[in-house]
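Below is one structure, written out as structure tokens; the observations come after it.
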Protein chains: 2
Amino acid sequence: MTAPEGRLDWGPLGDSLGFLLRLAQLEAFEAYFAAMEGAAPLPGSLSILLMVRGNPGIRQGVLARALRIKRAHMTKIVQSLEQAGLLRGSVPADDRRAIELHLTPAGLAEAERAWSAVHAHETAPPATLTAEEAAQLRHLLRRYLSLQEHGHEP
Amino acid sequence: MTAPEGRLDWGPLGDSLGFLLRLAQLEAFEAYFAAMEGAAPLPGSLSILLMVRGNPGIRQGVLARALRIKRAHMTKIVQSLEQAGLLRGSVPADDRRAIELHLTPAGLAEAERAWSAVHAHETAPPATLTAEEAAQLRHLLRRYLSLQEHGHEP
DNA sequence: TATTGTTATACTCTATAACTATA
DNA sequence: TATAGTTATAGAGTATAACAATA
């Protein structure tokens, strides 16, 4: 009567894309923190630094929508990164409501340092997948998110 | 100088499995809530009801590990589901520390009702993927999570 | 009127540790 | 001594709405 560990019946959850994505994301974040051991910034901050590096002058609201962070929350994160001296915002002349974000030299150095620490972990295939499967998984996720065009490919 | 919306350079984030999973999960949950409009319970509660339905007598701690919910949090969720009359716990004779979970008749009815509401949404492929790609994405996620064996397959 | 960013509030989820009762 | 579950507390992330400045 009692379900044994390791041989669970996942039922319809095993076919639910949302559920699988939820578990996979938790797994990936656990692996990230285990591999980094404090050597890297929080995933959210790192993603902002990398996005501003790749898109200098990006507006706060555009960045918030891209990373699916609420504007109110983005304000706090940006402020903390500004206080840390990694980011600076400037008000464009053509729309004085907006804020355009740039990395400071320190922010650029931190983005490079953090990414080089994370790079090996992020590009190695997880233990449960072959390199080919991992590449295909990333490809399908980009298709799902309509992010086909990305950084370093022709 | 300013990055335009819609044509962002995702840089290394576009190759980061963890980042892609994070965005994909947010996308999937948004789609879930948009499709359900309050007609379904929260994803966390629904996953617990479905897991107890498929694995009657599963212990709380086993369920917590499977769903990657901390034991302390699982206690609260189970208590709320018990107060709602959907779940009951029993103490097995062979280990009086443990709690085995079962659905009440009301809980079974709620699991059936909620799943039938969610089913169409969860099994239809998302707009950005073909049915084949969606199936392959689910397959790769199960492989990534080592959940190959699941509910309704030989 | 609508939009950008800010502030304030509350709520959920999470993380941690101390506690009990059993094993 | 280790484990299952509980309690308490604090923190991070998130959601919401009201607000000021600008368009």
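So that the names make sense, note that chain A is the first sequence line, chain B the second, and so on, each numbered from 1.
- With sequence neighbours excluded, the residues that form a side-chain contact (heavy atoms from CB on, under 4.5 Å) with B:Glu110 are B:Pro41, B:Leu49, B:Leu86, B:Arg113, B:Ala114.
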Query - Letter per nucleotide, 5' to 3', of nucleotides 17-23 of chain C [B base touched, S only sugar-phosphate touched, - untouched; heavy atoms, 4.0 Å] - result: ----BBS

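- For residues 114-130 of chain B, there are no salt bridge (charged side-chain N to carboxylate O under 4.0 Å, His left out) pairs, not counting sequence neighbours.
- In this model, the phosphate group of C:dG5 is not approached by any side-chain N or O of A:Gln79 to a distance below 4.0 Å at OP1 or OP2.
- Atom pair B:Ile58:CD1 and D:dA4:C1' shows a separation of 14 Å (rounding to whole Å applied).
- The CD1-P distance, from B:Ile77 to D:dG5, rounds to 14 Å in whole Å.
- Nearest heavy-atom pair across B:Leu103 and B:Ala111 is CD1-CB, 4.3 Å.
- A:Leu26 and A:Tyr32 sit in two unconnected hydrophobic clusters of ILVMFWY residues. Membership requires side-chain heavy atoms under 4.5 Å apart, directly or through other members.
- For A:Met74 and D:dT14, the CE to C1' distance is 13 Å, given to the nearest whole Å.
- Put simply, B:Gln60 has a side-chain N or O that comes within less than 4.0 Å of OP1 or OP2 on D:dT6.
- Nearest-nucleotide assignment on DNA chain D puts the 5′-proximal partner with B:Val78, out of B:Val78 and A:Ile69.
- Under the 4.5 Å side-chain criterion, counting only non-hydrogen atoms from C-beta, A:Leu20 is not in contact with A:Trp10.
- Residue A:Thr75 places at least one side-chain N or O under 4.0 Å from the OP1 or OP2 atom of C:dT6.
- Between the NE2 atom of A:His73 and the C1' atom of D:dA12 there is a distance of 7 Å, rounded to whole Å.
- Within residues 16-23 of chain B, no residue places a heavy atom under 4.0 Å from DNA chain C.
- Atom pair A:Arg68:CZ and D:dG13:C1' shows a separation of 16 Å (rounding to whole Å applied).
- To the nearest angstrom, P of C:dC11 lies 14 Å from NZ of B:Lys76.
- Both A:Leu67 and A:Phe29 belong to a single network of hydrophobic side chains, linked directly or stepwise wherever heavy atoms of I, L, V, M, F, W or Y lie under 4.5 Å apart.
- Using a cut-off of 4.0 Å between Lys/Arg side-chain N and Asp/Glu carboxylate O, A:Asp15 and B:Arg142 are scored as salt-bridged.
- Identified under the salt bridge (charged side-chain N to carboxylate O under 4.0 Å, His left out) test for residues 132-141 of chain B, with sequence neighbours left out: A:Arg143-B:Glu133.
- Neither OP1 nor OP2 of D:dT14 sits under 4.0 Å from any side-chain N or O of A:Lys70.
- Taking atom CZ of B:Arg65 as the reference point, atom P of C:dT14 lies 17 Å away to the nearest angstrom.
- Listed by first then second residue, pairs satisfying salt bridge (charged side-chain N to carboxylate O under 4.0 Å, His left out) with a partner in residues 18-32 of chain A read A:Glu27-B:Arg68, A:Glu30-B:Arg68, not counting sequence neighbours.
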